[in-house]
Structures are given as C-alpha cells and as structure tokens.
Amino acid sequence: MDHVHLTYEPLNLAEAQRLVSCSSTGATSIFVGTTRDTFDGKSVVRLEYEAYVPMAEKELKKICNQIRMKWRVRHICIVHRLGVVPLLEASVIVAVSSVHRKESLEAVQFCIDSLKASVPIWKKEIYAEGDGDWKENKECKWSIE
C-alpha cells in the first residue's frame, strides 16, 4: 500500500514506520530529512515550505508507481511537512518495506532523489539575521537552464 501525505503538523517517524511494517517483509528502509542550523556559512533558524498540493500529491503517487515498476516492495510511505519547520525537526520521511534490504534501500534513494527533482514543493531558509532565501533544487527538472 502507498501512503502519500503533505501536512502542516510535525512528522511522526514511528507512524511512518508502522505504515510500512508487515510480517512478510524483512527490511524497512527509512530516510528522514531534517532542518540543519547552517547553510553556506549562514545561521539557519528555520525552514518554510510551500507546495502546490494537488500536483505535489499526484507527483508523489507517480514516484510510488515508478518504484513499484523497478523494485519488488511491499509498502511505501512518503510524508512531507509544509509551513514552518524548526531546527532538528523532520521535513520529509520516506519509508519503504520489502522482503530483502536491497530493494528497500534502492527504492528510498530513488524516491528522495525523484521527489527533489519533480515534486512542486518549495523551501525557504530563514536566517538568524532575519532575511531568507528561496532555495533552488539543483535536481529539479524545471530549474535547469
């Protein structure tokens, strides 16, 4: 089963793991992206995310379908935070379960790379000085000149 969710609430790692857990699988791979305190020498105090939610959800479901075409996985969970994300809190969780570890590990890597490249979610870093910058994903296909 695929679980795709965008939320303004803090992400719950235990819930993501529960959603992909299954007695027939021997591997659960999880990626958690968190807010770090520096970028290019600037002190970051928080991140702010915006999304075009209908399109973002559609793109996340496409990624799930692509994963299922490439690997034999059991469950997929992709949750992404919107709005303000303080330091150390999760912005994104990707969890995948499979019978063996190779499939789930490769699927998680593919998922986060694809998310960064194709899903319309935008990130703004807010710095200690009070200013902020919208960040461009270098992987994003529509930002390539």
Side-chain angles (χ1 to χ4, degrees), residues 1-42 44-127 132-145:
M1 178 172 265
D2 300 337
H3 304 275
V4 170
H5 188 61
L6 302 173
T7 181
Y8 287 90
E9 299 301 318
L11 303 185
N12 185 329
L13 179 57
E15 176 65 6
Q17 183 173 5
R18 186 192 68 74
L19 288 170
V20 300
S21 292
C22 180
S23 63
S24 66
T25 60
T28 298
S29 299
I30 300 173
F31 170 81
V32 180
T34 57
T35 303
R36 62 180 177 263
D37 64 0
T38 57
F39 183 79
D40 281 347
K42 291 185 176 182
V44 176
V45 295
R46 71 179 182 273
L47 300 178
E48 296 177 3
Y49 287 92
E50 292 184 9
Y52 178 43
V53 174
M55 183 182 272
E57 289 175 340
K58 183 178 176 183
E59 289 298 315
L60 291 171
K61 289 174 186 174
K62 278 187 195 176
I63 292 169
C64 290
N65 289 335
Q66 291 171 337
I67 288 169
R68 292 192 178 283
M69 288 175 28
K70 293 176 180 281
W71 296 279
R72 292 184 61 187
V73 301
R74 180 72 175 155
H75 298 296
I76 303 168
C77 177
I78 309 169
V79 290
H80 203 296
R81 181 106 174 250
L82 300 176
V84 174
V85 183
L87 292 178
L88 299 174
E89 289 193 17
S91 299
V92 61
I93 298 173
V94 175
V96 178
S97 62
S98 61
V99 173
H100 302 289
R101 69 180 176 272
K102 183 176 184 192
E103 290 86 359
S104 64
L105 288 167
E106 289 177 357
V108 165
Q109 176 75 51
F110 174 86
C111 185
I112 193 63
D113 290 347
S114 298
L115 185 156
K116 296 286 245 171
S118 66
V119 180
I121 298 174
W122 301 279
K123 174 175 75 173
K124 184 175 187 180
E125 290 182 341
I126 307 299
Y127 305 113
D133 285 327
W134 287 101
K135 306 310 288 186
E136 179 179 320
N137 283 334
K138 293 177 179 31
E139 305 97 332
C140 183
K141 61 186 173 192
W142 60 76
S143 69
I144 298 172
E145 298 178 22

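Just so you know, these numbers use all the heavy atoms, side chains as well, and skip hydrogens, waters and symmetry mates. Residue numbers run from 1 in the order of the sequence given.
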Using a 3.5 Å cut-off and no angle test, enumerate the donor-acceptor pairs between side-chain atoms of residues 69-76 and protein atoms at least two apart in sequence or in another chain.
{"residue": "Trp71", "atom": "NE1", "partner": "Glu106", "partner atom": "OE1", "Å": "2.7"}
{"residue": "His75", "atom": "ND1", "partner": "Met1", "partner atom": "N", "Å": "2.8"}

Handout entry: Test item: His3 side-chain N/O and Ile78 main-chain N/O as donor-acceptor pair under 3.5 Å
Key = no
Problem - Pair listing, ring-ring contact (aromatic ring centres under 6.0 Å, His included) test, anchored in residues 9-34, at least two apart - result: none
Problem - Pairs meeting criterion salt bridge (Lys or Arg N to Asp or Glu O under 4.0 Å) with involvement of residues 44-53, two or more places apart - result: Arg46-Glu48
Completion exercise
Sorted by chain and number, sequence neighbours left out, side-chain contact (heavy atoms from CB on, under 4.5 Å) with Lys58 holds for Lys62
Fill in the blank from the handout: Residues pairing under side-chain hydrogen bond (donor to acceptor under 3.5 Å, both in side chains) where one sits in residues 27-37, two or more places apart or in two chains, turn out to be Ser29-Ser104
Exercise for the section: Run the numbers on Ile121 and Val92 for side-chain contact (heavy atoms from CB on, under 4.5 Å), then give the verdict. Expected result: CA-CA 11 Å; Ile121 298 174; Val92 61; over 6 Å; no
Exercise for the section: List the atom of Ile30, the atom of Ala95, and the distance in Å for their closest heavy-atom pair. Expected result: CG1-CB, 3.8 Å
Completion exercise
Residues passing the side chain to side chain donor-acceptor pair (under 3.5 Å) test with Arg101, sequence neighbours excluded, are none
Practice task
Of all the heavy-atom pairs spanning Thr38 and Val44, show the shortest one and how long it is.
Solution key: C-CG2, 3.9 Å
Handout entry: Asp2 side chain reached by Lys61 side chain, heavy atoms, under 4.5 Å
Key = no
Handout entry: Spacing of NE2 belonging to His100 relative to CG belonging to Leu105, to within rounding of 0.5 Å
Key = 13.0 Å
Exercise for the section: With sequence neighbours left out, write down each residue that passes side chain to side chain donor-acceptor pair (under 3.5 Å) with Gln109, or none if nothing qualifies. Expected result: Asp113
Problem - Heavy-atom side-chain proximity of Ser118 to Ile63 below 4.5 angstrom - result: yes
Going by atom type alone, with no hydrogens or angles, which donor-acceptor pairs under 3.5 Å involve a side-chain atom of residues 4-13 and a protein atom two or more places apart or on another chain?
{"residue": "Thr7", "atom": "OG1", "partner": "Glu9", "partner atom": "N", "Å": "3.0"}
{"residue": "Asn12", "atom": "OD1", "partner": "Ala14", "partner atom": "N", "Å": "3.1"}
{"residue": "Asn12", "atom": "OD1", "partner": "Glu15", "partner atom": "N", "Å": "2.9"}

Fill in the blank from the handout: Of all heavy-atom pairs linking Thr25 and Ser98, the shortest is CB-O, 3.2 Å
Practice task
Hey, could you give me each pair passing salt bridge (Lys or Arg N to Asp or Glu O under 4.0 Å) that has a residue in residues 76-87? Not counting sequence neighbours.
Solution key: Arg81-Glu89
Fill in the blank from the handout: Hits for side chain to side chain donor-acceptor pair (under 3.5 Å) against Tyr127, two or more places apart or cross-chain, chain-then-number order -> Glu125, Asp133
Practice task
Report the C-alpha distance between Cys111 and Val96 in whole Å, list the side-chain angles of each, state the deciding distance to 0.1 Å, and finish with yes or no for side-chain contact (heavy atoms from CB on, under 4.5 Å).
Solution key: CA-CA 9 Å; Cys111 185; Val96 178; 5.6 Å; no
Exercise for the section: To the nearest 0.5 angstrom, please state how far the CG atom of Leu82 sits from the CG atom of Leu47. Expected result: 12.5 Å
